[in-house]
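So the structure is just underneath, and the comments pick up after that.
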2 protein chains.
Amino acid sequence: MEKKTDTANIETKIDLLLKKSNLSVTGGRRRILELFLQHDGALSHGDIEKKAGEKFDRVTIYRTLQAFLEKGLIHSIPTSDNSIRYALCKDDCSDGHHHDDHVHFICTACGTTVCLEEVTLPAIKLPRGYTTEQVEVLVSGVCKSCNH
Amino acid sequence: MEKKTDTANIETKIDLLLKKSNLSVTGGRRRILELFLQHDGALSHGDIEKKAGEKFDRVTIYRTLQAFLEKGLIHSIPTSDNSIRYALCKDDCSDGHHHDDHVHFICTACGTTVCLEEVTLPAIKLPRGYTTEQVEVLVSGVCKSCNH
DNA sequence: ACACCATTCGCAACATCGTTGCAAATAATT
DNA sequence: AATTATTTGCAACGATGTTGCGAATGGTGT
Ligand SMILES: [Mn+2]
Ligand SMILES: [Mn+2]
Ligand SMILES: [Zn+2]
Ligand SMILES: [Zn+2]
């Protein structure tokens, strides 16, 4: 009676995401993508290294993050402390072309970094002669849960 | 005939700045502060290491930047590429308490980072529950000189 | 000008982070 | 199942940043 669910290859959301991005599905990629899906905050390379119970080589994590970035699965968030964080992209991010028009927030209490998708970027009017390509807004403060 | 200018100890702007910040004036600090004064773009640790003709130890540069930061002589600018840049503060920045309410710009062509003092920070309205402490705005694009 | 003390400097040693080349392992394709 | 393309782990390396400590130097008072 388990034949159907068995053979029908329960393609999890994760596998689908990977295939949709033209990435061959491997153990490491599955696990790292899983971490991003079950954690709504952003993750650094170090975070992943710790949270991934099963040990993957550091290099594999670097390369996986690189691959995810290039395929538009994740985007990077610059921080003041010289440690890049990564967060899942919304569905409409494809191959390097991102639509991350939102603000990033870093909690000074718990340290978590989140994407505030509902806060859109302000228009920045630059002096004559400058051309805008991209705007990054980084707000630090105390997050919802740390404020009780 | 050089007695006067000689003994009168030509206290350069640099020495005054250092003393005003309660920093003893040394060769390294003079040179690094000089670099900041004659370069209007922001400088990274690496930039300073290269530009300072006379060779200072890496550690000295780290410690000098740290001291300048603490005394409010410079402020740091986070970048996407994991390399912190530093820029001179305006005069009203004292001991850790900064008034850097301006936007930072990184040129994708020449790589220079500048403070756009004339562009003030936008107000960012966060969702309920979040408290704002600091806002960083980082704009990338093409700078004035690279646009002809 | 000199001596004293506090601060800073240079060096060595170390830790962390990130990159590259290559051979073995694994995934996709036929 | 065999072939091919991709990914992985390992080792080695470079870059970056930190710390401890003795030597050098700056500030200060005589
Ligand atoms: Mn985001
Ligand atoms: Mn600035
Ligand atoms: Zn928090
Ligand atoms: Zn430029």
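Quick caveat, the model's predicted, so the values are computed rather than measured. Within every chain, numbering begins at 1; the chains are lettered A, B, ... in the order of the sequence lines, protein sequences first and strands thereafter.
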With a cut-off of less than 4.0 Å, is there a side-chain N or O of A:Thr26 near OP1 or OP2 of C:dA27? no

Of the candidates C:dC9, D:dG17, D:dG9, the side chain of B:Thr64 sits closest to C:dC9

The residue, B:Thr60 or A:Tyr62, whose nearest nucleotide of DNA chain C is more 5′ is B:Thr60

For B:Phe68 and C:dT8, what is the distance between atoms CZ and C1' respectively, to the nearest whole Å? 13 Å

When the nearest nucleotide of DNA chain D is assigned to B:Ile84 and to B:Leu23 on a heavy-atom basis, which residue is associated with the more 5' position? B:Ile84

B:Ser24 side chain near C:dT8 phosphate (N/O to OP1/OP2, under 4.0 Å): yes

Nearest-Å distance, CD1 (B:Ile32) to P (C:dT8)? 13 Å

Between P on C:dT20 and CG on A:Asp57, what's the gap in Å once rounded to a whole number? 15 Å

How long is the line joining CG of B:Asp47 and P of D:dT16, in whole Å? 10 Å

Nearest-Å distance, NZ (A:Lys71) to C1' (D:dT6)? 12 Å

Could you state the CG-P distance from B:Asp15 to D:dG26, rounded to the nearest angstrom? 12 Å

Residue B:Val59, side-chain heavy atoms: nucleotide from C:dA27, C:dA12, D:dG27 that is nearest: C:dA12

Candidates D:dT8, D:dG17, C:dT19 - which lies nearest the side chain of A:Asn82: D:dG17

What is the distance, rounded to the nearest whole Å, between atom CD1 of B:Ile48 and atom C1' of D:dG17? 14 Å

Of the listed nucleotides D:dT16, C:dT19, C:dC9, the one nearest the side chain of A:Arg58: C:dT19

When you compare the side chain of B:His102 with that of B:Val119, does any pair of heavy atoms fall below 4.5 Å? no

Base C:dG10 paired with B:Arg63 side chain (donor-acceptor, <3.5 Å): yes

Could you check how far CZ of B:Phe56 sits from P of D:dA24, rounded to whole Å? 18 Å

Side-chain donor-acceptor contact under 3.5 Å, A:Ser80 with B:Glu136: no

Would you say the ring centers of B:Phe105 and A:Tyr130 fall short of 6.0 Å from each other? yes

What verdict does the side-chain contact (heavy atoms from CB on, under 4.5 Å) test give for B:Cys115 and B:His75, after you've listed the backbone C-alpha separation in whole Å, the side-chain angles of each residue and the deciding distance to 0.1 Å? CA-CA 10 Å; B:Cys115 301; B:His75 62 279; 3.6 Å; yes

Determine whether a donor-acceptor pair (N or O, by modelled atom type, separation under 3.5 Å) exists between the side chain of A:Thr132 and the backbone of A:Gln134. no

